[in-house]
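Below, read A as the first sequence line, B as the second, and so on, with proteins coming before strands; counting in each chain starts at 1. The shown structure was predicted, so the numbers you read here are calculated from the model rather than taken from an experiment.
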2 protein chains.
Amino acid sequence: MDGDIALSKVPGKGWADRAVAQAGKPVVSRKTVGRLSLYRRLLDNLRGTGTTHIYSHQLAHLAGVSAAQVRRDFMVIGYSGSPNRGYHVDTCLASIESLLDGATRQDVALVGVGRLGRSVLAHFAGRRPLLRIAAGFDTNPGVIGTTIEGCLVHSMDDLERVVAEKGIRIAILAVPPETAQAAADALVRSGIRSLVDFTAVPLHVPDEVFVDHMDITSALESAAFFARQDQGTPPMDNGVDNGSEADMFPMI
Amino acid sequence: MDGDIALSKVPGKGWADRAVAQAGKPVVSRKTVGRLSLYRRLLDNLRGTGTTHIYSHQLAHLAGVSAAQVRRDFMVIGYSGSPNRGYHVDTCLASIESLLDGATRQDVALVGVGRLGRSVLAHFAGRRPLLRIAAGFDTNPGVIGTTIEGCLVHSMDDLERVVAEKGIRIAILAVPPETAQAAADALVRSGIRSLVDFTAVPLHVPDEVFVDHMDITSALESAAFFARQDQGTPPMDNGVDNGSEADMFPMI
DNA sequence: CGAACGCCGTTACGCGTTTCACAAGTTACC
DNA sequence: GGTAACTTGTGAAACGCGTAACGGCGTTCG
Ligand SMILES: NC(=O)c1ccc[n+]([C@@H]2O[C@H](COP(=O)([O-])OP(=O)(O)OC[C@H]3O[C@@H](n4cnc5c(N)ncnc54)[C@H](O)[C@@H]3O)[C@@H](O)[C@H]2O)c1
Ligand SMILES: NC(=O)c1ccc[n+]([C@@H]2O[C@H](COP(=O)([O-])OP(=O)(O)OC[C@H]3O[C@@H](n4cnc5c(N)ncnc54)[C@H](O)[C@@H]3O)[C@@H](O)[C@H]2O)c1
């Protein structure tokens, strides 16, 4: 895997690494994007409950991060809340979504429509209008041609053609480990830009391609290792920062 | 001194962050454990090909990390290779496994035996003798009582009892998001120590419990975000460190 | 035989991220 | 009006972690 270092593009040197780059394009690290995605879900749920404003430490508590982290993340994307009302849920949400979702819809390819693939498919079906799993690919003749959760499964032979036709730039890889690298190669050839990989194999792809490795094996083995240690989660956890533990949620 | 100036060397908190703790128990970071799990799989495959020795830069290439990283990781766990032969696959593997696997078998509980749960089950079935998914739990009456991949599915009502009986300290959480926190609470009550969470919800558990969050939604949204950026993963990749790019694999 | 090479172990360093801490602002209440 | 109690925003320290670099040591070849 490629670790999880951020992606800052430092052109010169010192430079304003945080905040917005001059071209309006904010430079956001990988981890920050992941948290923003989480904040978005939380705020979305929150809006359903009629909440209109929220403080950083409240959102932090929901997200399981520190309050300073929340404020910093919002600073990175250039969103400001009122000093005493906290963050306005609607505008905050809009600000995050304008960054995470693009202006146009992005289609995703799912390579390997097995158990895991189907689970992912079901989970994402119709959840984000601007992020749609638009095509499946497999080698199993029994699956090719069928439509699962509104997603048509193609043959792997058609991968490059379909990906090009639909302008797909994101792929989810859920094939058996042995065929993972070959499938990744095919995806790269067809011009993929981002890859979410579920195989246990570290893929070799060009540096321009973003890869996120969801290594379930490592996760479980890590869990097993730390289950034997005295303490579970040594590093960061709930930063109280300010405010009491009690009456955390009067919330308007 | 490390950073810039020796400011606070307070023994209470600064502490020896790296290296081994004095009690022979190595202090290994979460990320290092994850990489060791990866090395282990790679070395295991490698052994199948008859390879007996491997250099740090070769293993690094396979794992997609830098050679210095591999050497440091092995230093952390106290394994040394021969200066000129590289690392001996068998002994290295034994060293990693003695750290990752414990002395005794660890049983794992799978909570939520749906599509995702079944996929995980199939993936781990009989793969690690010392890490076994020993019990499933679900609320669906159609699933309770059945045996899937050699794993008997119990009712959620029996969770605390079965977990206690089997001495389970590790759990995989794959239930619908709405019920995730309640299931986590039940697991914590029954004395769980580690949790691999697949729901999109940030769980609130005591600090002693290790939690690894596999957030597929964030992963995909991050992938979508970076697919729109100009470059994908610019920073470090293949650490050449030394040695040429060509003839990377003469290998014995 | 010795010198040059290649790899390992280790230490020091640098970078990215997180947290601390405080100025500035806003509201509410006396 | 004044002040007390909250916020947010943000510079700067602290921290975690990966990388560069150097010494050491076997091997190999001149
Ligand atoms: N299930 C997990 O939780 C888990 C954990 C770790 C890793 N993984 C990995 O995820 C992958 C998928 O797991 P799964 O449970 O869905 O397996 P699965 O066997 O149910 O599904 C694999 C699918 O890939 C298809 N396929 C096979 N070869 C292919 C190829 N060359 N090109 C395209 N499609 C191909 C198969 O037809 C099948 O539909 C596996 O690599 C597994 O190791 C899964
Ligand atoms: N599938 C993915 O890739 C993906 C991605 C992100 C998140 N998730 C999450 O993973 C979870 C499982 O996904 P899935 O596709 O397997 O869903 P699923 O519906 O196929 O399986 C859920 C299982 O949990 C059981 N269940 C329901 N309530 C329960 C309870 N209170 N206690 C115990 N078991 C209960 C159900 O009977 C079912 O068997 C979901 O929360 C989903 O959001 C999955």
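Distance, A:M75 CE to D:dT7 C1': 17 Å, rounded to whole Å. In this structure, CD1 of A:I54 is placed 16 Å from C1' of D:dC6, rounded to the nearest angstrom. Here C:dT19 presents its P atom at 10 Å from NZ of A:K31, a figure rounded to the nearest Å. Rounded to an integer number of Å, the gap from NE2 of B:H57 to C1' of C:dG9 is 17 Å. One atom, OH of A:Y79, and another, C1' of D:dT7, lie 14 Å apart when rounded to the nearest Å. For the pair A:R30 CZ and C:dT18 P, the computed distance is 14 Å after rounding to whole Å. One atom, NE2 of B:H53, and another, P of C:dG6, lie 20 Å apart when rounded to the nearest Å. One can place CZ of B:F74 at 15 Å from P of D:dT19, the figure rounded to the nearest angstrom.
Listed by chain and residue number, nothing satisfies the salt bridge (Lys or Arg N to Asp or Glu O under 4.0 Å) test with B:R169 (two or more places apart in sequence, or in another chain). For the salt bridge (Lys or Arg N to Asp or Glu O under 4.0 Å) test, no residue two or more places apart in sequence or in another chain qualifies with B:D185. Evaluation of the salt bridge (Lys or Arg N to Asp or Glu O under 4.0 Å) rule for B:R41 yields A:D215 as partners, not counting sequence neighbours. With sequence neighbours excluded, the residues forming a salt bridge (Lys or Arg N to Asp or Glu O under 4.0 Å) with B:D73 are B:R35, listed by chain and number. Evaluation of the side-chain contact (heavy atoms from CB on, under 4.5 Å) rule for A:Y87 yields A:I54, A:S56, A:R71, A:F74, A:Y79 as partners, not counting sequence neighbours.
Here B:Y87 lies in heavy-atom contact (under 4.0 Å) with sugar-phosphate atoms only. Within 4.0 Å (heavy atoms only), B:T32 reaches no atom of the nucleic acid at all.
Taking only side-chain nitrogens and oxygens, A:S29 never comes nearer than 4.0 Å to OP1 or OP2 of C:dG16. For the pair B:S80 and C:dC8, the criterion of a side-chain N or O lying under 4.0 Å from OP1 or OP2 is not met. OP1 or OP2 of D:dT19 has at least one side-chain nitrogen or oxygen of B:S66 nearer than 4.0 Å. Residue A:Q69 has a polar side-chain atom (N or O) positioned under 4.0 Å from OP1 or OP2 of C:dT19.
B:E221 pairs in a salt bridge (charged side-chain N to carboxylate O under 4.0 Å, His left out) with only one of the listed residues (A:R127, A:R40, A:R30), which is A:R40.
To the nearest 0.5 Å, atoms OH (A:Y39) and CD1 (A:I77) are separated by 9.5 Å.
Residue A:R72 places a side-chain atom within donor-acceptor reach of the base of D:dG11, judged by atom type and a 3.5 Å distance cut-off alone.
Both B:D73 and A:S82 sit near DNA chain D, but only A:S82 has its closest nucleotide nearer the 5' end.
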Can you name the atoms? Protein N/O to nucleotides 24-27 of chain D N/O, anything below 3.5 Å, with the distance.
{"residue": "D:dT27", "atom": "O4'", "partner": "B:N84", "partner atom": "ND2", "Å": "3.1"}

